[in-house]
Amino acid sequence: VIEHGVVIGAGSIINSNVNIGYGSRIGKRVVVQAGAVIGSEGYGFAPDKQNRYHRVPHTGCVALGDDVHIGANSCIDRATYGETSIADGVKIDNMVHIAHNVEVGQDTMLAAQTVIAGSSKIGKRVIASGQTGVLDHKTVADGAILVHRCGVTEDIPTAGMWAGSPAKPFKEFVRGLGLQKKVAKLELLIKELKHQRAD
């Protein structure tokens, strides 16, 4: 389904069961795999005085640059206003969700089940491994590598490898794993000493 006002650049391939929402702009040589949804309304609701939630209209669009790849069953939400922007050369795996007003920088790679919440800014040449999660309004620096299941709860200020949830520089994350093992051994030792004392 291609709604009104959509522009699709030369050499692009749109596969079966794709839905492209109104006003979306698709660059040149873009590949959109089966089942992807581009330009659906984002997840936006505002409460009234009785805490009942009401839909917030999303009047923006999605803009995909040139040479972008969108994997099967991925969703990219239209902006509340302005645009959700995917820059040139971005490669998105299957089942990735990009929320409203997100910006993804050039040549970034997002692996399966990565989720980027609204208004976040992902830099250039970022690699997000499978099941990475980025909270809303966060910034990820150019060249950052987010290791499998990385949870970005604060801005990532520099390039390099980040891991864990909340995300930490990789060396710090690995040190933490070593400490966890030492603590587990100490717990066993304390239990043994308590048992010996009881005897």
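Being a predicted model, the structure only gives us computed values, none of them experimental.
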Within this structure, what is the [atom1]-[atom2] distance for the pair [X] and [Y], rounded to the nearest 0.5 Å?
X: Asp142; Y: Gln106; atom1: CG; atom2: CD; value: 10.0 Å
X: Ile122; Y: Ile116; atom1: CD1; atom2: CD1; value: 4.0 Å
X: Thr108; Y: Glu103; atom1: OG1; atom2: CD; value: 12.0 Å
X: Phe173; Y: Cys150; atom1: CZ; atom2: SG; value: 8.5 Å
X: Ser12; Y: Lys28; atom1: OG; atom2: NZ; value: 10.0 Å
X: Arg55; Y: His58; atom1: CZ; atom2: NE2; value: 8.5 Å

**Derivation of the side chain to side chain contact (heavy atoms under 4.5 Å, CB included) call for Val134 and Val115** = CA-CA 6 Å; Val134 180; Val115 176; over 6 Å; no
So which atom in [X] and which in [Y] form the shortest heavy-atom distance, rounded to 0.1 Å?
X: Ser129; Y: Ala111; answer: C-CB, 3.7 Å
X: His137; Y: Ser120; answer: N-OG, 3.3 Å
X: Ser24; Y: Ile38; answer: OG-O, 4.0 Å
X: Ala144; Y: Trp162; answer: CB-CD1, 4.5 Å
X: Gly71; Y: Ala36; answer: O-CB, 3.9 Å
X: Val18; Y: Gln33; answer: CG2-O, 3.3 Å

Are [X] and [Y] packed together at the side-chain level, in the sense that at least one heavy-atom pair is separated by less than 4.5 angstrom?
X: Thr114; Y: Asp93; result: no
X: Ile76; Y: Ile70; result: yes
X: Cys75; Y: Val37; result: yes
X: Asn15; Y: Asn17; result: no
X: Thr132; Y: Arg149; result: no
X: Lys171; Y: Met161; result: no
X: Ile98; Y: Leu110; result: yes
X: Thr80; Y: Asn101; result: yes

**Message:** With a 4.0 Å cut-off on N to O distance, would you call Arg29 and Asp67 a salt bridge?
**Reply:**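 Result for this pair is yes, salt bridge flagged.
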**Message:** Check this for me, if you would: do Arg25 and Glu83 make a salt bridge, where the nitrogen-to-carboxylate-oxygen distance has to be below 4.0 angstrom?
**Reply:** yes
Neighbour count above 12 (heavy atom, 6.0 Å) for [X] [atom1]:
X: Lys124; atom1: NZ; result: no
X: Lys168; atom1: NZ; result: yes
X: Lys138; atom1: NZ; result: yes
X: Tyr22; atom1: OH; result: yes

**Asked** So Phe45 and Tyr43, would you call those rings parallel, tilted or perpendicular, with 30° and 60° as cut-offs?
**Response**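 Rings of Phe45 and Tyr43: perpendicular, over 60°.
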Flag yes if [X] and [Y] sit in one hydrophobic cluster, no otherwise; membership is Ile, Leu, Val, Met, Phe, Trp, Tyr, and two members link when side-chain heavy atoms are under 4.5 Å apart.
X: Val174; Y: Ile145; result: yes
X: Ile8; Y: Val30; result: yes
X: Ile2; Y: Val32; result: yes
X: Ile92; Y: Ile14; result: yes

**Message:** When you compare the side chains of His97 and Asp77, does any donor N or O come within less than 3.5 Å of an acceptor on the partner?
**Reply:**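 Looking only at side-chain atoms, Asp77 and His97 do form a donor-acceptor pair, the distance falling under 3.5 Å.
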**Asked** Do Asp48 and His54 get their side chains close enough for a donor-acceptor pair, meaning under 3.5 Å?
**Response**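 Short answer, yes.
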**Prompt:** Is there a side chain to side chain contact (heavy atoms under 4.5 Å, CB included) between Gln131 and His148 once you walk through the steps?
**Reply:** CA-CA 6 Å; Gln131 297 185 334; His148 180 63; 4.0 Å; yes
**Request:** Please report the C-alpha distance between Val104 and Val102 in whole Å, then the side-chain angles of each, then the deciding distance to 0.1 Å, and finally whether the side chain to side chain contact (heavy atoms under 4.5 Å, CB included) criterion is met.
**Result:** CA-CA 7 Å; Val104 180; Val102 167; 3.8 Å; yes
**Request:** Given side chain to side chain contact (heavy atoms under 4.5 Å, CB included), test Asn94 with Asn73 step by step and report yes or no.
**Result:** CA-CA 6 Å; Asn94 300 339; Asn73 296 315; 5.9 Å; no
